Amino acid sequence: MVGIEDLDEFALVKSSMSELVASMDDKSQMKKMMLHLCISGGKLIRPVMLILCTQICGGRSEESANAALAIELIHSASLIHDDVLDGGIMRRGVESAHEKYGMSAAILCGDFMISRAITLISSYGRDSVYEFGKAGMYMAEGETIDIASVSDEFLEMNYFECIIKKTASLFASSTAIGAYAAGADVQTAERFRLFGEYVGTAYQMVDDLLEYLGNLDGKQSTYESTTLPLIFRRTMGHDVAVGKTVNEILFYVSKAKALMAIIPNSKSKDNLLLVADLITIDLLPDSIIKNNSN
Ligand code: FPP
Ligand code: MG
C-alpha cells in the first residue's frame, strides 16, 4: 500500500528540512536538538497536504515549500511543548525532547522553532500570515481546554471545541495557506481551510480512539485527556462508545471529501484524498470497521 512517505511532496519537505538544519551553526546546541527532533520520523502530514493544495490550485510545489516548512516547525514546537505539559515520555518512538535535553532546553527549542517558522511564513501574503498566527493562537487555546478536560463536566461539545482548536486548526491553516500560495481567492481558500479542519478533527478522533483502545505505538504520556470514547462510555457501554466514535470519524471524513467534489480531478487531488484516508480511516483496526458496518 502507498504511504505518505512514498509521495514526492514528502521527499521535498524532508530535504528542505535537512537543508534548513544543515545551514545552522555546527557548534550550536540548538542544531543538535533540531537534528534529533526534526529529522526523526515525523510523518510530515500537514506540509505534504499544504503542498498538494498548492498544486490543486494551480501552483508549483516550490512556491509553497517554505510555508510547508513553517507549518512543520510550528507543529514540532507544539509537540515539544505538549510533551512538557502532559508529561510525554516518548514521542515518535524516541525520548521526548524534555526527557532527552531537559525542560529548559526543550522549551527554548520550541521557541526557536516557532520563531524560525515566522521567518519562513513572513514572505507569504497577509492572508497566509494571518492564517498561520490564528492557528498558533487556537492551538494554545485548545491545549488550555485539554488541560481542563479532567472534569466530569467535560462534554462532547467541549471535546469538539478542544480538538478543533488544538489539532484541526493547524490542518486548516495548512490547507488554506497551500491554496493561498497558488494565488487562490478567499472563497476557494476557505473551502480548503474547512477541508483541513474536518480531516484534522477526524485525525485527532482516530488518535484518541487508538489511545483509548491501547493501540498507539511510539507514544507514552503520564497525563490523559478526556476523549470522545471516554465521554460516550460514561452513559453507554464500551462497544457503543467505540461504535459512536467511529461513526463521528467517518462523518467528518465524508464531510471533508464532499467539499472536494467540485474541485476538478487531478493526481494531486487523488493524493490529497489518499492522505486524508491514510491518516484517518486506514488507521482504524479492521475489526472495528467490520463491527461497525454490521
Ligand atoms: C497533541 O495532542 C498536541 C497538540 C495537538 C497541540 C499542542 C499545542 C500546544 C502545546 C500549543 C503550542 C502552541 C504553539 C504556537 C506552538 P495530544 O496530547 O492529544 O496528542 P499526543 O498523543 O500526540 O501527545
Ligand atoms: Mg500529548
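Numbering starts at 1 and runs along the sequence shown. Counting starts at 1 for both ligands and their atoms, following the listed order. These numbers were taken from a predicted model, which means no experiment stands behind them.
- With respect to the salt-bridge test (charged N to carboxylate O, under 4.0 angstrom), the residues E161 and K165 qualify.
- Closest heavy-atom approach to atom 20 (O) of ligand 1 within the set D208, V84, L85, D207: this belongs to D207.
- Close approach of ligand 1 to G136 (heavy-atom distance below 4.0 Å) involves ligand atoms 15 (C).
- In summary, the side chains of D185 and T188 do present a donor paired with an acceptor at a separation below 3.5 Å, with no hydrogens or angles considered.
- In terms of polar-atom proximity, K166 is counted as a contact of ligand 1, with an N or O under 3.5 Å from an N or O of the ligand.
- Ring geometry for F154 versus Y159: interplanar angle over 60°, hence perpendicular rather than tilted (30 to 60°).
- Residue contacts with ligand 1 leave out S225, since none of its heavy atoms falls under 4.0 Å from the ligand.
- Salt bridge K31/D25: absent, no basic N to carboxylate O contact under 4.0 Å.
- Residue contact annotation: D86 places an N/O/S atom under 2.8 Å from the Mg ion (ligand 2).
- Around atom 18 (O) of ligand 1, the closest heavy atom drawn from L170, D146, D86 belongs to D86.
- Residue contact check for ligand 1: R91 places a non-hydrogen atom closer than 4.0 Å to it.
- For ligand 1, the atoms sitting less than 4.0 Å from at least one non-hydrogen atom of T167 are 5 (C), numbered in the order shown with element in parentheses.
- Not a single heavy atom of M137 sits closer than 4.0 Å to an atom of ligand 1.
- Across the listed options M139, K165, E143, E143 owns the non-hydrogen atom lying nearest to atom 7 (C) of ligand 1.
- Remark: side-chain polar atoms of S266 are paired, donor with acceptor, to backbone N or O of K269 under 3.5 angstrom.
- For the pair R233 and Y212, the cation does not sit on the ring face, since its NZ or CZ is not both under 6.0 Å from the ring centre and inside 45° of the axis.
- Looking at heavy atoms from C-beta onward, E190 lies in side-chain contact with R193 at the 4.5 angstrom threshold.
- Close approach to Q204 involves these atoms of ligand 1, each under 4.0 Å from a residue heavy atom: 19 (O).
- Taking every non-hydrogen atom of A140 and a distance limit under 4.0 Å, the qualifying atoms of ligand 1 come out as 11 (C).
- Counting heavy atoms from C-beta on, the side chains of Q55 and I51 come closer than 4.5 Å.
- Each of V13, L12, L44, N271 was compared with L7 under the side-chain contact (heavy atoms from CB on, under 4.5 Å) criterion, and only N271 meets it.
- When you scan the N, O or S atoms of D82 for the one nearest the Mg ion (ligand 2), you land on OD2.
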